[in-house]
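Report on the following structure.
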2 protein chains.
Amino acid sequence: MNHYDAKHDTADKYSLRVRVFSKLRADILSGRYAENEELKEMAIGEEMGVSRTPVREAFRQLELEGLIQIIPNKGAYVTGITEKDVKDIYIIRSLLEGLCARWATEHITQAQMEEMEENVYLAEFHAGKGHLDQLAELDNRFHDIMYEACNSKLLEHHLKDLHQYVLRVRRKTLANANRGPKSNEEHKNIMEAIKTGNADLAEELAHQHMINAYDNMVENGLHEAYG
Amino acid sequence: MNHYDAKHDTADKYSLRVRVFSKLRADILSGRYAENEELKEMAIGEEMGVSRTPVREAFRQLELEGLIQIIPNKGAYVTGITEKDVKDIYIIRSLLEGLCARWATEHITQAQMEEMEENVYLAEFHAGKGHLDQLAELDNRFHDIMYEACNSKLLEHHLKDLHQYVLRVRRKTLANANRGPKSNEEHKNIMEAIKTGNADLAEELAHQHMINAYDNMVENGLHEAYG
DNA sequence: GCCCGTACTATTGTATACAATTATACGGGT
DNA sequence: ACCCGTATAATTGTATACAATAGTACGGGC
């Protein structure tokens, strides 16, 4: 099997570098690699059927995203997330999500508003059925919608960067049956504040949403991560 | 002249990739390249006496830092910063710098406190002499000290990322003779709040410091960038 | 037995060769 | 003159070869 065969295993839409980057990112977030585990260029490349070149380039990006740490002439290691990191992230997000909700109130498009409403009601349905996976997925998506709606590439960028860490933490255990529905109720309130154009309320609710998410996580031993 | 000669032109302390990354970053921030200018791998490599490999890796990092945008199969372009971007940055920073000042108050080390004091008094001296370049340099450093003192790698990372954009904007014209000394006065107040352990005050002052910096910039046609 | 140096191996760092893609220039057809 | 397809050149994308560095195992000296 040469490299060109492997190239056709999956969608060709993206360059190899992007494919490697995306896969590694997903694998790290999904907890496939343990914290502080060493990533070897050759091993990754062989597994994905590509040479070291795109792997190395993907590494540089992962490093800047904070998912791995590269020690020169030594290796690439999956970054560990401490409890303090998680706490810091939620506090930082509590500020920025508030700002984001404010800006979203001012700039959200009709299409985005509709997707947000749909998201909340769909989540309500899955909450009633106890579909925790779908609930978690919709939870993530709610935040992404708001990030996109705030009309600031910069804020969106930083919030997405922070949000992804949450995904890693959530992975550490199964979703909590209580927080999911509660989180979605808060989303609903934020959504309605945005819809009615009440930026002050939206900001306050989004701010509190993060604090609640963090408090819940602490109560459950820092394992849950809704919000 | 082959590549190995060039390797010894400057300090060998860092890998070529890091050297290329640092130089390109500095060049972009210094305004050497115009906005939307295309960066060619080969040209950069030849100029620095390295092959395309480290240049490409540096590109990936610069892209993630937001300094360039890479269009697949096409090229790398210096990102443009709009006036709205600048405004967004200052608002985001006004929140995060406040939080940073709070945390710095709680965690600053003695060495950091001393450097901060030294920074303020040295800046006072240069302000009196009208040394605008040194003033600008000390201004940047003051913020870096605070970022490091806040004891949060995450907050530090995001603030440094935001701060670097300011450096690009400042470049667009010469430093303003008025804002520099005013900015340092505000630094002095922040420094003293931190020193006396008044976290609430430090947060508020740092928050206001950003707002003042932005207002001043607007007054001067979005050209100045102290803070 | 322990220390230390040396050879060997594994891995990363860089350069270069080649493939694929995009941009450009040219020339014929209308 | 203009449109459009083809050839050509320029540039990026990827693979591979080679260099440098770091880690490891072995063996001699004490």
| field | Spacing between A:Y14 atom OH and D:dG13 atom P, to the nearest angstrom | value | 15 Å

| query | Reckon A:I70 touches a base, only the sugar-phosphate, or nothing at all at heavy-atom distances under 4.0 Å? | reply | nothing

| task | Under 4.0 Å between any heavy atoms, over every strand shown, what does B:R17 touch: base, sugar-phosphate, or nothing? Just pick one. | result | sugar-phosphate

| message | Rounded to whole Å, please give me the gap between CG in A:L16 and P in C:dA19. | response | 16 Å

| Can you tell me how far CD of B:E65 sits from CD1 of B:I28, rounded to the nearest 0.5 angstrom? | 9.5 Å

| query | Between B:E38 and B:T53, which has a closest nucleotide on DNA chain D that is more 5'? | reply | B:E38

| message | So if I take every side-chain heavy atom of A:R52 and compare against D:dT21, D:dC18, D:dT14, which nucleotide ends up nearest? | response | D:dC18

| said: I need the CG-C1' distance between A:L39 and C:dT12, as an integer number of Å. | reply: 14 Å

| request: For A:F142, enumerate each residue passing the ring pair (Phe, Tyr, Trp, His ring centres under 6.0 Å) test, keeping only those at least two apart in sequence or located in another chain. | output: A:H187

| said: From CE of A:M42 over to C1' of D:dT16, roughly how many Å is that when rounded to an integer? | reply: 13 Å

| query | How close or far is atom C1' of C:dT12 from atom OH of A:Y77, stated in whole angstroms? | reply | 11 Å

| query | Rounded to the nearest Å, what distance is computed from the CG atom of residue A:N73 to the P atom of nucleotide C:dT9? | reply | 21 Å

| field | Presence of salt bridge, A:E38 and A:K74, under 4.0 angstrom | value | no

| Selected nucleotide, minimal atom distance to A:K74 side chain, candidates D:dG23, D:dT11, C:dT14 | D:dG23

| said: Between C1' on C:dA15 and CD on B:E57, what's the gap in Å once rounded to a whole number? | reply: 12 Å

| Expressed in angstrom and rounded to an integer, what is the separation of A:I71 atom CD1 from C:dA10 atom P? | 21 Å

| note | The nucleotide from C:dA15, C:dT12, C:dT14 with an atom nearest the side chain of B:V50 is C:dA15

| Any donor-acceptor pair under 3.5 Å joining the side chain of A:S15 to the base of D:dT14? | no

| query | Below 4.0 angstrom from OP1 or OP2 of D:dG13, is there any side-chain N or O of B:R60? | reply | yes

| said: Given the ring of B:F59, does B:R56 sit roughly above its face, with NZ or CZ under 6.0 Å from the centre of the six-membered ring and within 45° of the axis? | reply: no

| query | Do A:H143 and A:H209 make the cut of ring centroids closer than 6.0 angstrom? | reply | yes

